[in-house]
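Some notes on the structure that comes next.
Keep in mind that what you see is a predicted model, and the values were worked out from it rather than measured. Numbers restart at 1 for each chain; the letters A, B, ... are given by sequence-line order, proteins then strands.
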Amino acid sequence: MAILRTPEGKEFVVSVGQAPLEVLPPDRRYLVARTRDGRLWDLFRPVERDDEVLEVLTFEDPQGREVYWHSTAHILAEAVKELFPEAKLTIGPPIEEGFYYDFDMGDYTFTPEDLEAIEARMKEIVARDEKVFRKVLTKEEARKLFEERNEPYKLEILEEIEGDTVTVYGQGDFLDLCRGPHVPSTGYIGALKVLSASSAYWRGEEGNPVLQRIYGISFPTEEALQAFLERREEAMRRDHRKLGRELELFTFSDEVGPGLPIWLPRGAVIRRIIEDLWRREHDARGYQIVYTPHVGRSHLWATSGHLEAYRENMFPEMRLSEHESYYVKPMNCPFHIQIYKHTARSYRDLPLRLAEIGTVYRYERSGVLHGLLRVRGFTQDDAHIFCTPDQAKDEVKGVVRFAFDLLKMFGFDTFEVYLSTRPDQYVGSLEMWEHATRSLADALEEMGLSYEVDEGGGAFYGPKIDIILRDALGRRWQLSTVQFDFNLPERFELTFRGPDGKEHRPYMIHRALFGSFERFLGVLIEHYAGNFPFWLAPTQVVILPITDAQAPYAHELAARLKAAGIRVEVDDRNERVGYKIREAETKKIPVMFVVGKREMAEGKVSVRLHGEGDQGVHALEDILPVLEEANRPGKSLALQTV
RNA sequence: GCUGGCGUAGCUCAGGGGUAGAGCAGCGGAUUUGUAAUCCGCGGGUCGGGGGUUCGAAUCCCUCCGCCAGCUCCA
């Protein structure tokens, strides 16, 4: 007798040859089951083993959700085949959020009307509640089947499957080569939406046939679907490209070139605050801050290996003469290495921590540029640590702690850590790789951090740690990175004199905390939805005199705020307060002081907070300390303490 | 780089072979105003660049540039 266990902890007995569906209560939250050895099992597939324990999965389970979306992808494919019989099926997997299905449509591309029709047909298929079936066929049978159905891509996939038999799944007249499993019938899908269409290559390779891809998503309830769509719209409202323009933080110019951000004064304020904080913290943690040139001779990049390994990401050569040429830098490391090498180094110099706010240029393919998040010119918060093998672990700990301390000041509190290990192609000795990887892992473990290992995910020159954070919307961003480099010390023949009087090769660690200021600003804009905390806001306080009579008083207040280090503006234009308030709210200025006849007479201000409205009348002496406190990095405005 | 879509005023957008439009923003004037848009007036454009078709092109065609979505790449 096999056992079925529901997420609520109820158990049901099912005998061999019987399908779980026959004994489970009729509840469409039950999608699929997981066997004891981790395989997924259709609820309509008869149990084969007597000692089996099947765990029933719902949409709440990540694997259950994948099956749900995969089944919806099949419904999408069925709808497309009904509406466009000439469409050729390819693949249709679940993805992080939803699913897609790729079709070969010849020269045809789907129109928005097509997508509406497809969605409507999918809903019909759900309403038909077609039973899903599973068949095991020999390869020969399957080949015949897909030849009859004229599905060349399925035949191609079929040839790559190992073993003698394959499974096909289907519903109604729809049939697909598929490993499964699937939900028992199309009626299991509660709410669905076709999201978009685009193109993709067959197997993702340029030169292969171009396919039409349709994205969609589904949820058990209409409410969950609506919540998803609202979150999606919220993400669009927060788009840093839109907010960056509206708040006048940065811009791009066709005349300057694509992917080359221009920091407007208001964005530059934010950057300067972050840079100042960054410098202070680096001073405090034993880094030495340096500056290096933006270009270097070709020979440098030949030595570093960039011309070999990184050329396609570099802007082309600047030729001065037949024998001399330069490249604009895509990385700062070769320059920091020159700083290391400018004098003989002893073990007493180590660890040597060189930090630079260094602007680099990388030639990104035109199609990948995206606002501030993917650009061709950007400024890294870079540092290189040169140390002995024995120091490596503590240096890694220092960097990881530094990254967390810094990022937490921006309200990020959920982090994921990934450790990437040696890939197949690598430089350096196995001993070094093992030691460095051990240092990274030990550092994380001693800090009590849990992490995931990306086996073989390291760069060819060394293992690394990446820190991924989640923003206010729960989206993941990779910012900080710590990477060992066994390549450059070798190529540049870096050495230090050890206590034994002999020459040794130092370890080199690349690290960035924010990644780049451009990307970090982009992330911050979306994280805060443009509502920067008081300490980061380009304009922190705007003073709004009601009539010209209060203008001198407003300027007097502004001078006092300015003296206290507050970024303040006076809006003494000849407009009504309502107008000035609306404008200040639109610009997301955190604090407004409204001053009229009454406030001036009492020497007070009427305080209004962005998004929160009128906070009543206060004396400046009471408000100023609160603002000064909120002006410190990482702090927030706490007006209730007044 | 590839596939598809889109480039009209600073911004958001209408117009799609017959003399370029709206709202907001800007500028000028009036108004001196109490917590998210006061009224009146004015200026603003090589319709992304170049080439072609046509008596005539913002509109149709070609090409280049840029933006957007996805792919690929990167991490």
Go through B:rC73, B:rU35, B:rC71 for me and flag the one nearest to the A:Arg365 side chain.
B:rC73

Complementary nucleotide for B:rU54 - Watson-Crick or wobble, under 3.5 Å
none

Which of B:rC73, B:rG34, B:rG26 is nearest the side chain of A:Val577? It is B:rG34

Can you see if the side chain of A:His370 gets near the phosphate of B:rA69 - specifically, an N or O under 4.0 Å from OP1 or OP2?
yes

Using the side-chain heavy atoms of A:Pro258, tell me which of these nucleotides is nearest: B:rC67, B:rG70, B:rC73.
B:rC67

Going through the checks in order, is the side chain to side chain contact (heavy atoms under 4.5 Å, CB included) test met by A:Ile543 and A:His555?
CA-CA 8 Å; A:Ile543 304 179; A:His555 285 283; over 6 Å; no

Paired with B:rG70: which nucleotide, if any, by Watson-Crick or G-U wobble criteria at under 3.5 Å for both distances?
B:rC2

Do A:Tyr101 and A:Phe103 have ring centres separated by under 6.0 Å?
yes

Under 4.0 Å between any heavy atoms, over every strand shown, what does A:Glu585 touch: base, sugar-phosphate, or nothing? Just pick one.
base

Within the 6.0 Å centroid threshold, strictly below: A:Phe99 and A:His70:
no

According to a strict under-4.0 Å criterion, is A:Arg241 in side-chain N/O contact with OP1 or OP2 of B:rA69?
yes

The single option from A:Tyr361, A:Trp301, A:Tyr363 that satisfies side-chain contact (heavy atoms from CB on, under 4.5 Å) with A:Met314 is A:Trp301

Atom pair distance, as rounded to whole Å: CD1 in A:Ile543 and C1' in B:rU35:
16 Å

Among B:rA75, B:rG70, B:rA25, which nucleotide sits nearest the side chain of A:Gln478?
B:rA75

Indicate, with a heavy-atom threshold strictly under 4.0 Å, whether A:Val594 touches base, sugar-phosphate, or nothing.
base

Check: A:Phe484 ring centre within less than 6.0 Å of A:Tyr507 ring centre
yes

pair_partner(B:rU46), Watson-Crick or wobble, both distances < 3.5 Å, evaluates to none

What residues from residues 458-472 of chain A pass a heavy-atom cutoff of under 4.0 Å to RNA chain B?
A:Lys464

According to the Watson-Crick and G-U wobble definitions, with both distances under 3.5 Å, which nucleotide is paired to B:rG17?
none

Taking the six-membered ring for Trp and the full ring for Phe, Tyr or His, determine whether the centres of A:Tyr215 and A:Tyr100 are under 6.0 Å apart.
yes

So does A:Arg576 reach the base of B:rU32 with its side chain, donor to acceptor, closer than 3.5 Å?
no

Closest to side chain of A:Arg245, choosing from B:rA36, B:rU38, B:rU12
B:rU12

What's the CG-C1' distance between A:Asp254 and B:rU46, to the nearest Å?
16 Å

Nearest to the side chain of A:Asp548, heavy atoms from C-beta on, is which of B:rU32, B:rU35, B:rG26?
B:rU32

Can you check the A:Lys242 NZ to B:rA69 P distance for me, whole Å?
14 Å

B:rC73 phosphate, OP1 or OP2: any side-chain N/O from A:Tyr310 under 4.0 angstrom?
no

Could you go through residues 590-599 of chain A and list every donor-acceptor pair under 3.5 Å that involves a side-chain atom there, pairing it with any protein atom two or more places apart or in another chain?
| unit_1 | atom_1 | unit_2 | atom_2 | d |
| --- | --- | --- | --- | --- |
| A:Glu599 | OE1 | A:Gly596 | N | 2.9 |

For B:rG23, which nucleotide in any strand shown is its Watson-Crick or wobble partner with both distances under 3.5 Å?
B:rC11

Please report the distance, rounded to the nearest Å, between CD in A:Glu575 and C1' in B:rG28.
13 Å

